[in-house]
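Single-structure report; data block below.
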Amino acid sequence: MSRPDVTLAGILDVRARCTPHRPAFRFLADGTSNHVESWTYRDLKQYSDAVAEQLRSGGHSDDRVVLAGRPGLRFVAGLMGILQVGATAVPAFPPTNRRAVTRLRSILADCAPGAILADARHERRFAGMTADGDMMPRLIPLDDEPPSSTADGHALPVPDDPVPVRPTDIALIQYSSGSTGDPKGVELTHANLMSNCQAIGRHIGAEDDRVGLTWLPPYHDMGLIGTIMLALHGGWPLLMMTPEHFVQQPARWLRAIAEHRVTITVAPNFAFQLCADTVDDEDLAGVDLSSLRHVFCGSEPIVLNTLNAFRKRFAPLGYREQTLIPCYGLAEATLLVTAKAPGTPIRVEWVDREELSRGRMVDTADNSLPTADDALPVVDDSLPMVGCGGPAEGHELLVVDPDSGRVLADGEVGEIWVRGPNVAAGYHRRPELTSSTFGATPTGRAGPKTYLRTGDLGCLRDGELFVTGRMNGLLVVAGRNIYPQDIERTVDRADPSVHRSVAFALPGTSEEHVMVVAEVRDHRRPAAQLDALRGSLLAAVASEHGVRPAGVHLVRLGTIPMTTSGKIRRGAARTAYLEHTLGGTLKPPEPPEPPGLSNASALSDLSGGPRHER
C-alpha cells in the first residue's frame with residue numbers, strides 16, 4: 001500500500017491524529033459572523049468516519065456516490081467519507097428546483113451511483129428520478145447531529161484494515177456546469193487532486209497565518225477543489241458561506257474578509273463587478289481588506305473595466321490590486337492551468353481588434369494599466385486583454401492551430417493545449433471523446449507525448465497566456481472571427497439599464513448573422529423608449545465591431561440561460577430563441593410606469609441564486 005498522505009483522505013487522517021484541535025473549517029450559517037459553526041480536524045474526521053461507516057456497511061466502497069448536500073460542514077464530511085472508503089464522489093446540486101432535478105436525473109442515469117448522500121429534507125424529491133425499471137440508489141442523509149461514535153478527546157486510533165486507495169483510482173467525477181440532458185463527467189484520480197493542490201500550494205507558498213474564505217458552490221472545480229480540498233491539503237482554516245448569502249448581500253463577502261482577517265479568497269469576474277456596482281458605503285463601515293494577500297479571479301473572462309472598478313471602489317479600504325491573481329483552468333485539468341505570479345502587476349495588452357479577429361495579437365496602444373483614479377481609456381479599434389500568467393509548475397502549455405495541429409508562435413491565436421499531472425484521466429464512459437480530447441498530438445512533434453485539447457482559444461506572449469474565447473463560441477461574419485464576449489461587453493456598457501447580454505449566430509441565406517439578447521433592468525418602458533434602446537445598442541455594436549446585428553431582443557431580468565457556475569449558456573440561449581421558448585420579451589406597459597425591479601431584487605441571477613441553482 002502507498003503512503004497514507006498521497007491522498008486527501010490520508011492527509012485528513014494524519015492531521016486529525018497530529019493536530020486534532022487545529023481549526024479546519026468554519027461555516028457562516030446565516031452569511032454573517034453571528035452564527036459560526038466550527039470544526040477542528042478531529043471533528044471533521046469523526047463526521048467523515050460516520051459517513052464512511054454507513055457507506056462501508058452498505059457495500060458502497062467501490063461505488064460511485066452522488067454528493068448532493070447543501071453547502072456547509074456536512075458536505076465536507078460527506079466528501080471525505082466517500083474518499084476515505086475508496087468510492088468515487090460525484091458532486092451535484094441538490095434537487096431544489098426544476099432545472100436542478102433535470103440535471104440530477106441526467107447525472108444519475110450517466111454515472112449509475114450505488115448511493116446518494118443528501119440532506120434528509122430532499123428525500124421525497126429523489127423519488128421518480130431514475131429511469132423506468134431502474135432501482136433508486138440508496139439515500140444516505142447527511143445528518144445534522146453528531147455521530148454516535150464520538151471520541152473522548154484522545155488521539156484517534158489508526159484503522160485496523162485501512163482501505164487500499166491508490167493514487168491512480170478515480171476519486172471524483174466532475175460534471176460540466178452546462179450539462180443537462182447530455183452530461184459529460186470528467187474523471188479525476190486521487191493523483192490529479194493531489195497534483196492540483198500541490199501546484200497551487202507551490203504557487204502561493206507557505207504561510208503560518210493563512211485563512212481562506214469561499215462562497216462558491218462546492219459542486220464545481222473552483223469551489224470544491226480550489227477551496228475545500230486546497231485548504232485541507234495546505235492545513236489552513238477555511239471559512240465557508242453559501243452562494244445565496246453572497247448574492248443577497250455581496251458586502252457579506254467583504255465583511256467576512258475583514259472580521260476574520262482572511263488572507264486568500266477566490267471569485268469569478270462577475271463577483272468583483274457585483275461588489276463594485278452594488279455595495280453601499282454604509283455596508284462597509286469599519287471594513288478593512290488589507291489582510292488579503294491572494295485573490296484568485298477565474299472561471300470566466302476577466303474584464304479590465306471590472307478590475308478597475310473594483311480597485312477604485314475598494315482601494316480606500318485597504319484592497320491592493322497586486323494581490324489579485326488572474327488565472328485560467330478547467331475541469332479537464334482538475335482546475336489550475338495558469339496563474340499570475342503573486343505580488344506582481346497585472347499584465348494588460350491593448351491589441352488591435354481587427355487583427356485579433358484574424359488570429360493575431362497585435363499591440364495598438366500603451367499597455368500600462370490605468371491607475372485607480374483614471375477612467376479606462378477609449379482607444380479606437382483596440383481591446384484590452386488581461387494576462388492569466390504562466391503554466392503551473394510541471395505543466396506544459398501549447399497554442400495550436402486546431403485544424404492542422406501546428407504549434408503556433410507567440411502572438412498567434414489558436415487552441416490551448418495542456419500536458420501535465422493535473423490533466424484528468426478522461427470522460428466517464430466516453431472512450432471516443434476521451435481519445436480525441438485527451439490524446440491530441442501536435443503536428444511534427446516526435447515522441448509519445450499527448451495533450452489535452454481545451455476547446456479554448458488564446459495565445460502566448462513571453463510565456464504568459466491570454467485567453468480570447470471558446471472555439472465553439474466564435475461568430476463568423478463576412479469571413480471574420482468575432483468573439484461573442486466582445487459584443488456582449490459592448491452591449492453591457494452601452495446603456496446603464498442593460499443588466500447582461502448574450503450574442504450568438506443565426507443562420508442566413510449566405511452567411512451567419514449576429515443576434516443580441518439583452519436583459520433590461522427598468523423594463524417597464526413605453527414602446528418608444530424600448531425602440532430607442534434597441535437602436536442605441538445596435539449602433540454601439542456596429543460602431544465598435546463593424547458588424548450590425550440582425551436584431552436586439554430585449555428581455556426581462558433572469559431570462560438569459562446561465563450555467564450553475566454563473567456562465568452564460570450561449571448555445572441554450574440560441575436554441576431557445578430559435579424555438580421561440582426564450583420568454584421574457586419586453587412589451588410596453590398598459591398602465592402608467594410603476595417602479596422597475598431594483599438591482600437588489602434582480603442580482604440573484606448573477607450567481608445563479610434560486611433561479612439558476614448557483
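- With hydrogens and angles left out, the side-chain atoms of Asp492 and Ser501 include a donor and acceptor closer than 3.5 Å.
- Met471 places a side-chain heavy atom less than 4.5 Å from the side chain of Pro402.
- At least one donor-acceptor pair closer than 3.5 Å links the side chain of Arg353 to the backbone N or O of Ser382.
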* Asked: Should Tyr219 and Leu67 be marked as a side-chain contact (heavy atoms from CB on, under 4.5 Å) after you check the CA-CA gap, both sets of side-chain angles, and the distance that decides it?
  -> CA-CA 9 Å; Tyr219 315 105; Leu67 178 58; over 6 Å; no
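- In this structure, the separation between NZ on Lys184 and CD on Gln174 is 12.5 Å, given to the nearest 0.5 Å.
- Rounded to the nearest 0.5 Å, atoms CD1 (Ile173) and CD1 (Ile107) are 10.0 Å apart.
- Between Leu28 and Ala256, the closest heavy-atom pair is CD1-CB, 4.1 Å.
- Using bins of under 30°, 30° to 60° and over 60° for the plane-to-plane angle, the ring pair Phe310/Trp253 lands in the tilted bin.
- With hydrogens and angles ignored, the 3.5 Å screen pairs no side-chain donor or acceptor of Ser435 with any backbone N or O of Glu432.
- In this structure, Phe438 has its ring center under 6.0 Å from that of Tyr427.
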Report the C-alpha separation of Thr437 and Arg430 in whole Å, then their side-chain angles, then the decisive distance to 0.1 Å, and conclude whether the side-chain hydrogen bond (donor to acceptor under 3.5 Å, both in side chains) test is met. CA-CA 11 Å; Thr437 303; Arg430 298 200 177 197; over 6 Å; no
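- In terms of modelled atom types and a separation under 3.5 Å, the side chain of Lys340 and the main chain of Cys327 share no donor-acceptor contact.
- Summarising the geometry of Val555 relative to His553, their closest heavy-atom pair is CG1-CD2, 3.5 Å, with the distance given to 0.1 Å.
- Judged by distance alone, the side chain of Thr265 and the main-chain N or O of Leu213 form a donor-acceptor pair under 3.5 Å.
- No side-chain donor from either of Thr96 and Arg70 sits under 3.5 Å from a side-chain acceptor of the other.
- Using a 4.5 Å cut-off on side-chain heavy atoms (C-beta onward), Met222 and Thr214 make no contact.
- Relative ring orientation between Phe270 and Trp215 is described as perpendicular, the plane-to-plane angle rising above 60° on a 0-90° scale split at 30° and 60°.
- Although no hydrogens or angles enter the test, the distance criterion places a donor-acceptor pair under 3.5 Å between the side chain of Arg521 and the main chain of Val498.
- Residues Val337 and Asn422 have side chains not in contact (no heavy-atom distance under 4.5 Å, counting atoms from C-beta outward).
- At least one donor-acceptor pair under 3.5 Å links the side chain of Thr227 to the backbone N or O of Gly223.
- Using a 4.5 Å heavy-atom threshold, the side chains of Gln249 and Arg255 count as touching.
- Salt-bridge annotation for Glu412 and Arg358: absent, with no side-chain N of the basic residue lying under 4.0 Å from a carboxylate O of the acidic one.
- When all heavy atoms of Thr334 and Asp221 are compared, the closest pair comes out as O-CB, 3.4 Å.
- Side-chain atoms of Asp401 and Glu415, non-hydrogen and from C-beta on, never get closer than 4.5 Å to each other.
- Under the ring pair (Phe, Tyr, Trp, His ring centres under 6.0 Å) criterion, His245 pairs with no residue at all, not counting sequence neighbours.
- Contact of the Ile568 side chain with the Ile560 side chain is registered, since non-hydrogen atoms from C-beta on lie closer than 4.5 Å.
- The two residues His513 and Ala550 make their nearest non-hydrogen contact at CB-CB, 4.0 Å.
- Here Thr306 pairs with Asn269, Gln273 under the side chain to side chain donor-acceptor pair (under 3.5 Å) rule; sequence neighbours left out.
- Contacts of Arg548 classified as salt bridge (charged side-chain N to carboxylate O under 4.0 Å, His left out), with partners at least two apart in sequence or in another chain: none.
- For the pair Asp119 (side chain) and Gly69 (backbone), a donor-acceptor distance under 3.5 Å is absent.
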- With salt bridge (Lys or Arg N to Asp or Glu O under 4.0 Å) as the test, would you mind laying out the steps for Glu579 and Arg574 before giving the verdict? CA-CA 9 Å; Glu579 295 178 353; Arg574 180 180 185 273; over 6 Å; no
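- Between His220 and Phe93, the gap from one ring centroid to the other is short of 6.0 Å.
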*For Leu408 and Val400, what are the C-alpha separation, side-chain angles and deciding distance, and is it a side-chain contact (heavy atoms from CB on, under 4.5 Å)?*
CA-CA 5 Å; Leu408 300 176; Val400 178; 5.8 Å; no
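- Checking side-chain atoms of Glu332 against main-chain N and O of Thr454 turns up no donor-acceptor pair under 3.5 Å.
- Considering Val516, Leu537, Asp531, Thr559 in turn, Leu537 is the only one that fulfils the side chain to side chain contact (heavy atoms under 4.5 Å, CB included) rule with Leu554.
- Listed here is the closest heavy atom pair of Ile228 and Met240: CD1-CE, 3.9 Å.
- Look at Arg570 and Glu488 and you find a salt bridge, because one of the NZ, NE, NH1 or NH2 atoms lies within 4.0 Å of a carboxylate O, short of that distance.
- With hydrogens and angles ignored, the 3.5 Å screen pairs a side-chain donor or acceptor of Ser357 with a backbone N or O of Glu354.
- In this structure the side chain of Val266 never reaches within 4.5 angstrom of the side chain of Val295, judged on heavy atoms.
- Contact annotation: the side chain of Ile487 approaches that of Leu475 to within less than 4.5 Å [non-hydrogen atoms, C-beta and beyond].
- Remark: the backbone N or O of Tyr577 is not paired with any side-chain donor or acceptor of Thr581 at under 3.5 angstrom.
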| message | One pair to check against side-chain contact (heavy atoms from CB on, under 4.5 Å): Glu519 and Val502. What are the steps and the verdict? | response | CA-CA 9 Å; Glu519 291 183 355; Val502 59; over 6 Å; no
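- For Pro217 against Pro243, the heavy-atom pair with the smallest separation is N-CG, 3.7 Å.
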Applying side-chain contact (heavy atoms from CB on, under 4.5 Å) to Val520 and Leu557, what does each step give before you reach the verdict?
CA-CA 6 Å; Val520 180; Leu557 294 169; over 6 Å; no
